[in-house]
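Single-structure report; data block below.
All ligand and atom numbering here is 1-based and tracks the order in the structure. Along the sequence shown, residues carry numbers from 1.
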Amino acid sequence: MHKPDFKEARTMDKRQYITKKFSLNKKYQNYFQGKTYFLKTYGCQMNEHDSENIEAILKALGFQKEDDYEKADLILLNTCSIRENAHNKAFGMLGRCKHLKEKRPDLMVGLCGCMAQEETVVASILENFSWLNFVVGTHNFNEIPALLVKSLEEGLQVEVYSREKDLVEGMPTERQNPFKAYVNIIYGCDKFCTYCIVPYTRGRQRSRKKEDILEEIQKLLEDGYKEITLLGQNVNAYGKDLYENYSFGELLEDVAQLNVPRIRFVTSHPWDFTDHMIEVIATHQNIMPSIHLPVQSGSNRILKLMGRRYTKESYLELVQKLKAKIPHLALSTDIIVGFPTETEEDFQETMDIVEQCQYDNAFTFIYSIRHGTPAEKIKEQVPLEIKEERLQRLNEKVNFYFLKNNQALVGKTLKVLTEGKSLKQQDAYFGYTETNKLVNFTGENIQLGDFVDVEITEAKTWSLDGQRK
Ligand code: 5AD
Ligand code: SF4
């Protein structure tokens with residue numbers, strides 16, 4: 001058994017990561033033939049993409065997908081730690097699994113992902129959910145086959161490593177979207193923002209080798225993918241741990257030169273965004289003019305307490321540079337309200353930065369205490385009613401700008417990647433613009449996966465309506 005340890009997770013020593021190739025031991029192939037699985041994913045795109053790997057592994061074990069968890073032979077939860085409500089949802093689901101297990105003792109249940117990396121979660125599982133088959137962290141999904149098989153004989157297997165091990169390349173992937181693919185470029189995060197649990201659950205920053213990334217993208221292009229999203233907690237830090245003169249800007253340029261029709265990337269940290277990266281984005285038509293740039297707060301005092309490494313002024317300077325260089329840029333962000341000690345004046349600074357940036361999209365959150373993070377120790381927490389009230393005012397403001405920006409697009413013709421057919425209306429489709437806005441549109445002779453010119457006829461807060469030109 002390996003249990004997580006936050007003290008070890010916090011260590012910053014430099015490690016040499018060996019790249020290993022994934023291979024499934026022959027004895028596990030089709031071991032579970034005839035059995036079914038239900039996989040529930042919580043959280044961010046990183047987890048969604050991990051689930052694509054996990055599904056492919058389960059299929060190689062012989063499992064078939066089952067959409068109703070009550071009927072599945074294996075229930076697997078790929079969990080998220082970012083806020084308290086993500087925890088509550090996963091524990092609620094474990095409670096439902098417990099009832100099922102009482103009725104069906106053969107039911108297999110596993111928990112993986114970020115929550116597995118938390119000391120308190122593993123302690124609670126050992127105490128209250130010891131009937132589980134396995135708990136696997138974020139660093140060793142590749143061990144799921146061996147642990148599941150072992151659990152059938154020996155009961156609960158807990159294998160969670162506090163510090164990341166080797167990089168595993170060549171994991172099989174069961175992609176959920178036939179046109180859009182996620183490609184990891186960097187794992188983990190070294191920023192240690194004081195409210196955030198990610199550096200503890202995802203480990204130190206580790207970049208994949210550029211050759212492995214470019215090879216994966218080349219294969220995706222051959223398979224007909226139209227859009228690639230480069231993934232990482234902080235993509236702008238790409239390469240820092242691996243190369244002297246090859247960073248995110250160089251990687252973006254190399255990916256653009258593979259002629260990927262659409263390239264996106266998430267998430268960007270303002271501190272690591274360089275002029276060279278802006279130049280590369282501005283130069284290549286196939287790098288989409290859509291940037292997610294979390295601001296978190298507009299107050300310099302709070303930004304400092306959060307350990308964000310920029311000020312309101314330097315963030316705004318970066319936004320101005322981006323808007324000046326990248327025509328039609330759509331900017332999105334993440335904002336936290338109610339960080340410990342946040343006053344009404346601090347909150348007004350956040351409202352002000354929203355007015356100045358006029359975001360196209362924003363994810364807004366109430367601060368949630370994360371056990372083991374530095375912000376947990378700040379005594380003056382903001383009462384929940386105040387946090388909720390600030391969130392409401394903030395949401396009204398961000399929604400105002402979403403609609404305003406969308407209204408400015410009425411009458412314009414935009415290129416849309418067609419992703420699906422409308423369930424409600426014949427000859428109606430949905431897809432996304434280059435700026436990542438959802439468009440519902442009508443038109444004839446359209447195939448899914450087509451790029452279509454769509455004239456925008458109506459703007460809503462979260463989507464656009466249009467018709468094919
Ligand atoms: N409480 C609330 N929101 C958080 N985020 C990260 N940690 C917390 C927390 N403890 C938000 C940040 C981040 C996004 C992914 O989640 O805004 O950018
Ligand atoms: Fe968390 Fe900050 Fe890293 Fe983002 S940059 S994952 S908020 S520590």
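Taking 2.8 Å as the threshold, C189 does not count as a candidate ligand of atom 2 (Fe) of ligand 2, since none of its N, O or S atoms lies below it. C196 lies close to atom 1 (Fe) of ligand 2, since one of its N, O or S atoms is found at a distance under 2.8 Å.
Counting only heavy atoms of the protein, atom 7 (N) of ligand 1 lies nearest to Y195 CD1, 3.3 Å. Considering only non-hydrogen protein atoms, atom 2 (C) of ligand 1 sits nearest to I366 O, 3.4 Å. Protein heavy atom in closest approach to atom 10 (N) of ligand 1: S368 O, 2.8 Å. Among protein heavy atoms, the minimum distance from atom 14 (C) of ligand 1 is reached at D334 OD2, 3.5 Å. With hydrogens left out, the protein atom closest to atom 3 (N) of ligand 1 is R83 NH1, 3.3 Å, a heavy atom.
A salt bridge is defined here as a Lys NZ or Arg NE, NH1 or NH2 lying under 4.0 Å from an Asp or Glu carboxylate O, and E355 with K397 meets this definition. Between K180 and E419 there is a salt bridge, since a side-chain N of the basic residue sits under 4.0 Å from a carboxylate O of the acidic one. We find that K65 and E55 are joined by a salt bridge, their nearest charged nitrogen and carboxylate oxygen being less than 4.0 Å apart. At a threshold of 4.0 Å, the pair D190-R202 does not count as salt-bridged, since none of the basic side-chain nitrogens sits closer than that to a carboxylate oxygen. At a threshold of 4.0 Å, the pair E174-K59 counts as salt-bridged, since one of the basic side-chain nitrogens sits closer than that to a carboxylate oxygen. Contact check on E434 versus K412 returns no salt bridge, with no Lys/Arg side-chain nitrogen under 4.0 Å from an Asp/Glu carboxylate oxygen.
The shortest N or O to N or O distance between Q296 and ligand 1 is below 3.5 Å. Considering backbone and side-chain N/O atoms, Y367 never comes within less than 3.5 Å of an N/O atom of ligand 1.
Shown in contact with P199 at under 4.0 Å from a heavy atom are these atoms of ligand 2, numbered in order with element: 8 (S).
The side chain of Y195, and not its backbone, has at least one atom closer than 4.0 Å to an atom of ligand 2 (non-hydrogen atoms only; side chain from C-beta on). Counting heavy atoms under 4.0 Å from ligand 1, residue F365 touches it through the side chain alone. Contacts between P294 and ligand 2, counted as non-hydrogen atom pairs separated by less than 4.0 Å, are absent for every part of the residue. If you look at H269 next to ligand 2, the close heavy atoms, those under 4.0 Å, all belong to the side chain.
At least one heavy atom of R308 lies less than 4.0 angstrom from ligand 2.
F339 and Y195 have perpendicular rings, their planes meeting at more than 60° on a 0 to 90° scale where under 30° would count as parallel.
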